[in-house]
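Notes to accompany the following structure.
Quick note: numbers below take in every heavy atom, side chains included, and nothing from hydrogens, waters or symmetry partners. From a predicted model like this one, the values you see are computed outputs, not experimental measurements.
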Amino acid sequence: MAGGGFASSGGGGGDFEAKITPIVIISCIMAATGGLMFGYDVGVSGGVTAMPPFLKKFFPTVYRKTVEEKGLDSNYCKYDNQGLQLFTSSLYLAGLTSTFFASYTTRKLGRRLTMLIAGFFFIAGVVFNAAAQDLAMLIVGRILLGCGVGFANQAVPVFLSEIAPSRIRGALNILFQLNVTIGILFANLVNYGTNKIKGRWGWRLSLGLAGIPAVLLTVGALLVVDTPNSLIERGRLEEGKSVLKRIRGTDNIEPEFLELVEASRVAKEVKHPFRNLLKRRNRPQLVISIALQIFQQFTGINAIMFYAPVLFNTLGFGSDASLYSAVITGAVNVLSTIVSIYSVDKVGRRMLLLEAGVQMFLSQVVIAILLGIKVKDDSNDLSKGFAVLVVIMVCTFVSSFAWSWGPLGWLIPSETFPLETRSAGQSVTVCVNLLFTFVIAQAFLSMLCHFKFGIFLFFSSWVLVMSVFVLFLLPETKNIPIEEMTERVWKQHWFWKRFIDDDYSADHKPANGFDPTSTL
């Protein structure tokens with residue numbers, strides 16, 4: 001299962017008693033290293049593809065365009081190569097496939113064991129990539145990393161949400177996204193350093209250092225406890241009750257425990273969660289989850305993060321300067337995600353998304369105008385002042401994404417699905433995200449070649465569309481217990497309330513006087 005905490009839900013409109021205990025904080029930090037690994041994989045691929053020794057060994061055609069034949073090809077087209085794009089995008093295609101297996105293991109084996117499986121996939125992928133002798137070995141390594149991404153992205157968000165008290169659920173869930181941004185920054189710093197290594201093997205070190213977050217995730221999965229939701233769902237009631245006492249820091253956990261058991265009972269009655277997901281009453285959550293994943297990718301963020309060094313190189317920054325600029329954007333990404341941690345449970349999800357929409361739209365339009373005027377097909381008139389302005393605008397765009405669509409694209413789906421469809425819902429969420437990440441990763445360099453500066457106008461138009469969607473169709477979920485979403489969110493929304501029937505609400509009322517031994 002993935003997607004959204006149930007343990008922190010409240011009965012009767014109020015939160016259950018819960019302290020912010022050390023075990024919760026430590027468990028969340030350890031689990032969120034799955035995001036560190038994902039972020040490092042995103043950041044490292046763009047960096048090594050800007051390194052001439054790497055290009056010469058695996059992509060000689062691109063190497064000739066960028067190094068040996070400078071000036072003979074369009075500024076926008078010198079990196080347009082399907083093999084190069086496959087190196088980046090194969091990870092996401094593998095992640096897309098593996099998320100369906102991860103849905104099963106998360107439900108049947110638990111969140112903790114699924115994170116452990118992800119760690120093993122990551123370690124195997126790192127070994128293949130660092131030791132790669134040919135393109136096939138490189139792609140196999142990326143596919144193994146992709147399997148790790150599929151398992152980690154399925155298990156980690158639900159682990160974080162389920163273990164966190166509701167009043168800080170948003171902040172703790174965003175730990176995953178924060179670690180993604182730290183991983184990207186770490187990769188950019190590593191790439192900047194390894195690019196200076198003499199002997200043409202720096203790229204191997206860049207790919208090999210992914211082993212650090214891979215080992216951290218594996219060790220973390222061995223040390224953390226599984227969530228009470230997962231234990232109860234698998235019939236281990238007493239163990240679930242014991243863990244609930246430990247993570248809440250109180251003996252007064254009976255109301256929450258009873259509601260967890262009731263939710264588990266309801267969930268077990270659903271024999272076909274994917275089929276159930278398609279029912280009319282689940283349509284609001286499904287539509288919003290799918291839309292958020294598509295919109296998140298069509299902000300253009302991954303295009304910039306995957307290929308930041310390549311993009312800056314295209315604009316005439318030079319190899320060293322392009323990696324340095326990527327480090328700057330990576331640092332902005334981290335700092336802005338921290339802003340989201342502090343604000344998401346205070347100002348709410350909608351406000352962050354709407355403010356960011358304005359900021360992203362304006363910054364992309366400015367970038368498009370600058371590049372349209374200064375960077376032509378075969379000439380580059382980007383002076384130092386304009387180059388700095390482009391970096392500032394990219395940072396403005398990255399910062400707004402990092403406190404909005406980045407973390408909230410994962411958080412909102414994770415807190416909207418009821419327990420009986422949460423596993424299937426998160427599978428669909430992760431699958432759609434990875435599918436469109438794959439599409440953008442595979443197409444971006446070709447799009448850059450054909451659209452040129454218009455690529456930023458393409459993404460800015462999508463930002464406009466998604467902001468309108470948020471304004472009219474996305475309800476606020478701040479501080480609302482997860483199992484009360486139907487009554488307090490969907491049934492109150494001007495549009496989505498028509499999809500929620502009364503039978504659903506009757507079936508899902510909390511049973512605080514429920515005797516778990518009578519049905520389980």
Side-chain angles (χ1 to χ4, degrees), residues 29-58 84 87-88 90-92 94-95 115 118-133 135 137-149 151-153 156 176 178-221 302 305-310 319-320 322-331 333-334 441:
I29 290 171
M30 297 300 281
T33 53
L36 195 66
M37 186 71 217
F38 185 29
Y40 190 88
D41 287 332
V42 168
V44 79
S45 56
V48 295
T49 52
M51 295 181 186
F54 178 83
L55 291 174
K56 187 173 185 180
K57 183 170 182 65
F58 298 107
L84 185 62
F87 163 70
T88 299
S90 57
L91 182 148
Y92 305 98
M115 290 191 290
F120 289 140
F121 271 123
F122 281 138
I123 290 170
V126 168
V127 170
F128 267 84
N129 271 355
Q133 297 300 316
L135 185 58
M137 198 170 171
L138 200 65
I139 300 297
V140 167
R142 292 290 287 178
I143 289 172
L144 288 170
L145 289 173
C147 292
V149 166
F151 276 81
N153 283 14
V156 172
F176 179 75
L178 176 63
N179 271 1
V180 171
T181 63
I182 292 171
I184 292 170
L185 175 59
F186 179 43
N188 289 334
L189 288 168
V190 166
N191 287 333
Y192 184 67
T194 57
N195 193 44
K196 297 180 179 299
I197 293 176
K198 307 296 180 189
R200 310 177 74 80
W201 55 272
W203 62 269
R204 288 194 188 276
L205 186 58
S206 285
L207 296 175
L209 285 175
I212 295 174
V215 170
L216 282 175
L217 177 63
T218 308
V219 172
N302 276 342
M305 285 318 206
F306 291 152
Y307 299 114
V310 168
S319 183
D320 249 16
S322 67
L323 288 172
Y324 183 65
S325 301
V327 169
I328 293 172
T329 56
N333 200 11
V334 173

Do Leu185 and Leu189 come close enough that some side-chain heavy atom pair is under 4.5 Å? yes
Minimum heavy-atom distance Lys56-Arg200, with the two atoms named: CD-NH2, 3.4 Å
Heavy-atom side-chain contact between Leu207 and Val44 under 4.5 Å: yes
Who passes ring pair (Phe, Tyr, Trp, His ring centres under 6.0 Å) against Phe87, sequence neighbours left out? Phe54
Going by side chain to side chain contact (heavy atoms under 4.5 Å, CB included), name the residues that satisfy it together with Ala132, two or more places apart in sequence or in a different chain. Phe58, Met137, Leu138
Distance-only, no hydrogens or angles: does the Asn191 side chain make a donor-acceptor pair with backbone N or O of Ala187 under 3.5 Å? yes
First locate atom CG of Leu135, then atom CG of Leu84, and finally report the distance between them rounded to the nearest 0.5 Å. 9.5 Å
Is there a donor-acceptor contact under 3.5 Å from the side chain of Arg204 to the main chain of Ala130? yes
Shortest non-hydrogen pair, Ala118 vs Gly148, comes out as CB-O, 3.5 Å
Using the test side chain to side chain donor-acceptor pair (under 3.5 Å), find all partners of Thr33 that sit at least two apart in sequence or belong to another chain. none
Ignoring hydrogens, what is the shortest heavy-atom contact between Thr49 and Ser45? Give both atom names and the distance. OG1-O, 2.9 Å
I want to check something: taking the side chain as every heavy atom from C-beta on, are Ile184 and Tyr40 in contact at a cut-off of under 4.5 Å? no
Nearest heavy-atom contact between Asn129 and Trp203 is O-CZ3, 4.0 Å
Partners of Thr194 by side chain to side chain donor-acceptor pair (under 3.5 Å), sequence neighbours excluded? Ser206
For Phe151, what residues pass the ring pair (Phe, Tyr, Trp, His ring centres under 6.0 Å) criterion, not counting sequence neighbours? Phe121
Can you confirm whether Tyr92 sits close enough to Val42 that some side-chain heavy atom of one is under 4.5 Å from a side-chain heavy atom of the other? yes
Is there a side-chain contact between Leu36 and Ile212 (heavy atoms, below 4.5 Å)? no
Going from CG on Leu217 to CD1 on Ile123, what distance comes out if it is rounded to the nearest 0.5 angstrom? 8.5 Å
Roughly how far, to the nearest 0.5 Å, is the CG atom of Asn153 from the CE atom of Met37? 11.5 Å
Answer yes or no: is there a side-chain heavy-atom contact under 4.5 Å between Leu178 and Val334? yes
Step by step, would you call Asp41 with Phe122 a side-chain contact (heavy atoms from CB on, under 4.5 Å)? CA-CA 10 Å; Asp41 287 332; Phe122 281 138; 3.8 Å; yes
Sorted by chain and residue number, the side chain to side chain contact (heavy atoms under 4.5 Å, CB included) partners of Val140 (sequence neighbours excluded) come out as Phe128, Leu144
